[in-house]
Asks: 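Have a look at this one.
In what follows, every chain begins at residue 1, and chains take the letters A, B, ... in the order their sequences are listed. None of the values given here were measured: they were computed from a predicted structure. In what follows, every heavy atom counts, from backbone to side chain, and hydrogens, waters and symmetry copies are set aside.
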Amino acid sequence: MLDRTIAAIATAPGEAGIGIVRISGEKSTEILKKVFKPKRVMDIDDIPSRTVVYGHAVDSKGAIIDEVLVIIMRKPYSYTTEDIVELHCHGGIVPIRRIMEEVLRNGADIAEPGEFTKRAFLNGRIDLAQAEAVIDVITAKTETGLNAALNQLEGELSKEIKKIMEKLLSMLAHIEASIDFPEHDVEEITAANIKNMLLEAKASVLELAESFDEGKIVRDGLSTAIIGRPNVGKSSLLNVLLKENRAIVTEIPGTTRDIIEEYLNIGGVLVRLIDTAGIREPEDIVERIGVERTKGAISNSDLIILVLDASDELRQEDNEIIDLIIDKKVIAVLNKTDLGLVIDEEYLKGLFGEDNIIRMSVKNRIGIDKLEERIKGLVYHGKLSVSKNSMVTNIRHKNLLDRALENIKRAILSIEENIPIDLISVDIREAWNSLGAITGDTVEEDIVKEIFSKFCIGK
Amino acid sequence: MEYTAGKYDVVVIGAGHAGSEAALACARLGFKTLVTAINLDSIAMLACNPSIGGPAKGNLVREIDALGGEMGINADRTMLQIRMLNTRKGPAVRALRAQIDKKLYQDRMKRVMENQENLQIKQTEITRIIVENDRVKGVVTSLGAIFECRSVILATGVYLKGKVVIGEISYDGGPNGLFPAAKLSDCLEDLGIKLMRFKTGTPARIDGKTVDFGKMTEQPGDRDINTFSFMTGDMEIDQLSCYLTYTNKGTHDIIRKNLHRSPLYTGDIVGVGPRYCPSIETKIVSFPDREEHQIFIEPEGINTREMYVQGMSSSLPEDVQLDILHSVKGLENCHMMRTAYAIEYDCIDPTQLQLSLEHKKISGLFFAGQINGTSGYEEAAAQGLIAGINAVLSLRGKEPLILDRSEAYIGVLIDDLVTKGTNEPYRLMTSRAEYRLILRQDNADLRLTQKGYDIGLVSEERYKRYLEKKNNIEREIDRLKKKSISMTEDVKDFLMNRGSAEIKGGISLYELLKRPEIEYGSLKEIDEEMPELDRETAEEIEIMIKYEGYIKKQLQQVEQFKKLESKKIPENINFVDIKGLSLEARQKLDSISPANLGQASRISGVSPADISVLMVYLEQIRRSRGGEQAGKQENTD
């Protein structure tokens with residue numbers, strides 16, 4: 001448990017300039033003494049906290065494993081508030097693994113996913129929202145995403161939440177006072193006051209909740225599906241976009257098959273392409289499951305790029321697909337304009353809006369930039385709000401904010417219906433609880449377990 | 001010269017509100033009980049306010065009654081006025097408050113105790129408690145009498161080393177001119193019990209003949225007579241009124257000019273006073289911008305003209321008190337019959353007790369009432385009842401009765417005391433209860449009478465009444481759910497007269513009753529099958545239906561609460577060794593030794609992160625024990 005000394009390889013596997021083994025816990029410096037020989041003769045215990053010491057990592061026989069730089073961060077001024085030791089070695093797979101082995105042999109246990117950050121939380125250095133922000137900083141794929149995560153890590157979101165919580169608490173105090181000291185209470189004034197305070201709180205919570213739509217896109221990316229009937233040029237469009245805008249490709253092992261997620265960075269907007277494997281399969285293979293696959297992609301997406309053959313009339317298959325996407329945000333790409341413009345453009349403008357129709361010729365590289373512009377435009381409504389103080393990027397937070405909002409709205413409605421004020425305090429308290437669950441101020445059982453299970457090892 | 005004077009199962013020290021409830025409970029449960037008081041004229045004395053009830057306190061009285069205690073019945077029989085407070089707020093915070101005839105209240109309680117089988121009363125001062133091997137063995141009086149017993153309940157109120165302070169004068173004294181208990185505190189300290197020093201105060205009593213009521217606002221009682229006890233039924237009384245007046249700038253000036261003579265501000269009083277019941281001088285200092293403070297003149301009894309000056313508790317010198325009184329409208333010529341005073345006293349740190357009110361280290365030693373740092377008659381009586389019940393359950397070898405925060409205000413009270421402690425006289429308020437909607441004064445019997453019956457404290461008569469009420473309610477609610485009505489002419493008129501919306505299609509009476517403008521009683525206009533139910537039952541049904549949504553919400557919150565409460569902490573756990581707990585948390589957990597995670601989370605200084613740490617730790621222990629079991633299994637296979 002917390003009395004274990006944990007260790008992990010903190011850097012991503014693979015070849016790199018530096019690899020770091022991080023150790024946290026009581027035995028950290030003891031272990032260091034066994035696996036590290038400083039170049040200059042010195043007592044490990046005398047090394048000042050947060051300085052860099054040059055030396056060698058050694059095995060049990062004293063043989064050198066690698067040159068290392070060592071940093072000791074003594075408690076309580078460290079990431080976890082425990083003693084932390086970091087060994088920085090060459091980032092090859094072999095040296096770092098061997099150092100890790102020696103560390104484990106000398107008394108450390110392997111850290112669980114997220115355990116370092118979990119200890120930072122359990123030891124009270126950061127709250128829950130900040131802990132979650134750590135993972136967001138690491139996985140940020142765009143600068144906007146990074147900024148939003150850093151903001152949350154700094155505690156900006158927590159500050160906003162706490163401000164609202166205080167307002168709610170003072171409302172509860174007002175109500176309690178009026179109940180416990182009825183001789184001093186003027187009912188009409190109390191109800192009117194509380195209603196005003198609730199309206200203020202509602203506005204604050206709404207602002208945060210609404211920021212999530214943007215926030216989610218900033219953090220997770222705009223999930224986008226490219227759909228259309230066979231042979232309209234989906235895969236060529238994809239290739240062009242990827243060539244010019246590819247962000248990262250990550251492989252995520254799935255249960256039945258490997259899913260490949262592809263990301264584009266279009267002018268700062270992270271676009272996450274859904275199910276590109278569906279597009280990649282050779283189009284002359286009859287896809288019995290084609291429609292099912294398309295439906296799945298559509299329901300999971302924030303944006304649909306509908307590819308149509310501009311040189312042909314709308315076919316039945318096109319119309320079937322259009323029926324499926326009628327409630328979604330759609331950009332219709334009229335591809336193959338190099339072969340002519342036959343398709344009923346006016347009809348499509350009527351369906352999707354004039355701005356969402358893009359004439360394109362992938363072959364001749366015409367219209368690609370217009371598509372990119374439109375994607376950006378749809379996301380930010382023209383304004384890019386990197387400077388906004390707190391953006392909610394996390395769906396757990398969004399759900400809790402929605403719950404708080406629901407309760408505040410119900411409280412306001414109840415006051416208007418002249419429901420007794422002490423009942424309204426039940427709704428206000430629920431709202432307060434929901435907000436507290438974001439920062440971890442109100443204890444909700446398995447939240448901690450759930451959150452830290454999403455972390456990866458070494459952080 | 002000490003001599004053996006008798007043998008009892010339980011000895012109750014003190015016969016105030018805590019002591020009398022404890023003594024009656026033990027005796028009624030069949031155990032031989034002795035109750036002692038330094039002066040038998042102090043039995044069930046209302047030393048301060050001549051009233052019982054109010055927000056949260058009224059709930060306590062109902063709960064005491066539901067469990068088979070005496071306070072509710074006694075109050076009903078001796079009340080001078082009855083009012084329901086917070087009537088325009090929800091049912092969860094409505095509070096019953098009665099003005100009480102002090103003398104009659106005491107007389108009746110003493111009579112009940114004298115007539116109680118298994119109970120003996122003695123005027124004597126207990127100066128020592130005999131403890132051997134951490135077990136209570138008996139008590140010794142100032143006259144050398146030794147009473148052997150298996151259990152002791154300390155209900156000494158404000159008598160322990162009592163010191164009366166009036167301005168520059170102070171002397172050893174108990175409340176209201178009675179003797180204090182000088183020696184018992186020393187014995188407690190010798191037993192290793194940690195004491196605190198608190199203070200409380202009481203205002204002057206004035207001669208009603210000399211009051212000009214014409215200058216005040218009369219506050220009569222309610223037209224509808226509500227009662228505390230579920231057993232009382234309909235009652236008629238001739239009510240007396242209270243009178244409202246105010247202090248003014250002149251009053252405040254006098255007080256300010258004389259603060260240097262106030263023992264609170266000169267440091268002569270060391271004990272901490274109650275924040276929610278401040279003296280008049282504290283009010284002036286704490287709220288300097290208020291131009292007037294409310295003063296209520298309350299009758300103390302039908303056979304006396306003494307009146308109580310509510311809102312003017314004070315420890316200022318007597319001459320200043322007179323000036324203050326005479327500056328108030330209507331009191332210009334009043335004669336002060338009893339002087340206001342402050343009293344300092346010893347009490348114990350209640351975190352030394354278990355939730356059963358038994359001392360954590362000394363078996364058989366229970367504490368109840370103001371000695372635990374509470375204020376108020378109702379708080380004391382509730383503790384007395386629980387202490388009495390648990391002393392008996394312990395002697396029977398059974399588990400104690402512990403009510404939790406979602407079951408009763410009594411639970412809130414005891415949990416607050418034992419888990420959080422208190423550094424000023426604790427007063428129960430509705431804001432202290434998280435589940436107010438569930439802990440209503442109207443459903444105390446539905447919550448607690450079964451428990452009282454199972455213990456043996458509830459009479460057959462009361463139990464029958466409770467069962468009948470419970471069944472009637474369930475039956476009627478069921479009927480209302482099943483009976484539906486549609487838009488007939490009668491129904492249309494009925495709804496229109498009440499400004500209620502039309503019904504589309506059929507709707508059950510249950511759904512209809514949810515509308516705030518529809519009263520249960522009025523339903524008989526459109527429902528011939530409506531049964532004749534008494535007012536109490538009808539009210540209960542109405543509340544349960546109208547507030548169903550909110551009640552359900554609160555019940556969900558209770559479920560969450562119970563989850564943490566059910567995570568028990570093993571007794572032999574060593575908090576000091578658990579890494580990851582903050583230093584403060586370790587100390588607090590170690591000293592209070594909570595029984596479950598829920599209780600632990602309420603200790604001040606224990607944060608949610610600490611609770612997470614504990615959760616993980618307990619899970620690990622559980623797993624390793626499970627592993628041991630599994631290991632054992634393998635060996636035997």
Asks: Does the side chain of B/L85 come within less than 4.5 Å of B/P55's, by heavy atoms?
Replies: yes

Asks: Ion pair present between A/R410 and A/E406, side-chain N to carboxylate O less than 4.0 angstrom?
Replies: yes

Asks: Is A/S425 in contact with chain B via its backbone, its side chain, both, or neither, using a 4.5 Å heavy-atom distance?
Replies: side chain

Asks: For A/I421, is it the side chain, the backbone, both, or neither that has a heavy atom closer than 4.5 Å to a heavy atom of chain B?
Replies: side chain

Asks: Hey, are A/E430 and B/K553 close enough for a salt bridge, meaning a charged N less than 4.0 Å from a carboxylate O?
Replies: no

Asks: Heavy-atom distances under 4.5 Å only: say whether A/D427 touches chain B with side chain, backbone, both or neither.
Replies: both

Asks: Taking side chain as everything from C-beta outward and backbone as N, CA, C, O, which of these in B/T430 sits under 4.5 Å from a heavy atom of chain A? Side chain, backbone, both or neither.
Replies: both

Asks: Would you mind checking if B/D416 and B/R602 are paired as a salt bridge, meaning a charged N to carboxylate O distance below 4.0 Å?
Replies: no

Asks: If you count heavy-atom pairs under 4.5 Å between each of B/Y550, B/F296, B/Y547 and chain A, which one has the most?
Replies: B/Y550

Asks: So what's closer than 4.5 Å to chain A heavy atoms on B/R94: side chain, backbone, both or neither?
Replies: neither

Asks: Do A/R119 and A/E115 meet the salt-bridge criterion of a basic N to acidic O distance under 4.0 Å?
Replies: yes

Asks: Is it the backbone or the side chain of A/E417 that comes under 4.5 Å from a heavy atom of chain B, or both, or neither?
Replies: neither

Asks: Salt bridge check: are A/E416 and A/K195 linked by an N-O gap of less than 4.0 Å?
Replies: yes

